[in-house]
Amino acid sequence: MANPKYSDEVKTYVVQALACFDSPAVVAKAVKAEFDVVISPQAVEAYDPTKRAGRKLSQRFRLLFEETRKTFLEDTATIAISHRAVRLRALQRMAEKAETQGNMVLAANLLEQAAKEVGDSYTNRRQISGPDGGPVEVRTLADFYSNPQPGTS
């Protein structure tokens, strides 16, 4: 079977998707949906210079892959779920739906997850510290009555 020729647009799409850590199977499905072009996951792998199958990838696509990966790794601001507010809104929608459906266990788990998201406020643990953040002096009731002022004898 002859090796099919893909347009530069499809090749660029495949290289960029792989650079963003999409699996070959996911990329193959996306190419079918986006361009109506059938490409096997094995053929997709040939466009990944980090894989053995991609060892003969042209310099042009290697550079594109490297630049796309670098940008992807550095720019998390464009990924919505990387923002706390987005995650909390999604958790709220899920918790409301779970509660509406009567799934109280899931709703409670989602509420716990939301509390963790805002800083472990779901626990009843409290950190107690003394002056200047040092340890707290612990005195028994007997110590208090025998010597009401700490540090004096």
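For the single chain, residues carry numbers from 1 onward in sequence order. For the numbers below, each heavy atom of this structure counts, side chains included, while hydrogens, waters and symmetry mates do not.
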Please assess R60 against D8 for the test side chain to side chain contact (heavy atoms under 4.5 Å, CB included), listing each intermediate value before the final yes or no.
CA-CA 11 Å; R60 170 183 163 212; D8 280 348; 3.5 Å; yes
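- The side chain to side chain donor-acceptor pair (under 3.5 Å) contacts involving residues 97-111 comprise nothing, where partners must be two or more places apart or lie in separate chains.
- Within the structure, salt bridge (charged side-chain N to carboxylate O under 4.0 Å, His left out) contacts touching residues 19-38 (residues at least two apart or in different chains) are K32-D36.
- Counting only residues at least two apart or on different chains, the salt bridge (charged side-chain N to carboxylate O under 4.0 Å, His left out) pairs with a member in residues 84-93 are R87-E117.
- Salt-bridge annotation for R62 and E66: absent, with no side-chain N of the basic residue lying under 4.0 Å from a carboxylate O of the acidic one.
- Hydrophobic clustering (side-chain heavy atoms under 4.5 Å, transitive across Ile, Leu, Val, Met, Phe, Trp, Tyr) keeps F61 apart from F72.
- No side-chain heavy atom of Q16 sits less than 4.5 Å from a side-chain heavy atom of F65.
- Looking only at side-chain heavy atoms (C-beta outward), T12 and L64 come within less than 4.5 Å of each other.
- Residues L91, L106, L110 make up the rest of the hydrophobic cluster containing M94, defined by ILVMFWY side-chain heavy atoms closer than 4.5 Å, directly or through other members.
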Walk me through whether V15 and T68 qualify under side chain to side chain contact (heavy atoms under 4.5 Å, CB included).
CA-CA 9 Å; V15 168; T68 303; 5.8 Å; no
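- The environment of CD1 in I79 is crowded: more than 12 heavy-atom neighbours from other residues, nucleotides or ligands sit within 6.0 Å.
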Per-pair distances, 0.1 Å, donor-acceptor, side chain in residues 38-52, under 3.5 Å, sequence neighbours excluded:
| from | atom 1 | to | atom 2 | distance (Å) |
| --- | --- | --- | --- | --- |
| S40 | OG | A43 | N | 3.0 |
| D48 | OD1 | T50 | N | 2.9 |
| D48 | OD1 | T50 | OG1 | 2.5 |
| D48 | OD2 | T50 | OG1 | 3.3 |

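- Connection of I81 to L73 is established within a shared hydrophobic cluster, with ILVMFWY side chains joined at heavy-atom distances below 4.5 Å, either directly or through further cluster members.
- Put simply, the side chain of L88 does not reach to within 4.5 Å of the side chain of Q92, judged on heavy atoms.
- Within the structure, ring-ring contact (aromatic ring centres under 6.0 Å, His included) pairs that include any residue of residues 25-44 comprise Y13-F35 (at least two apart or interchain).
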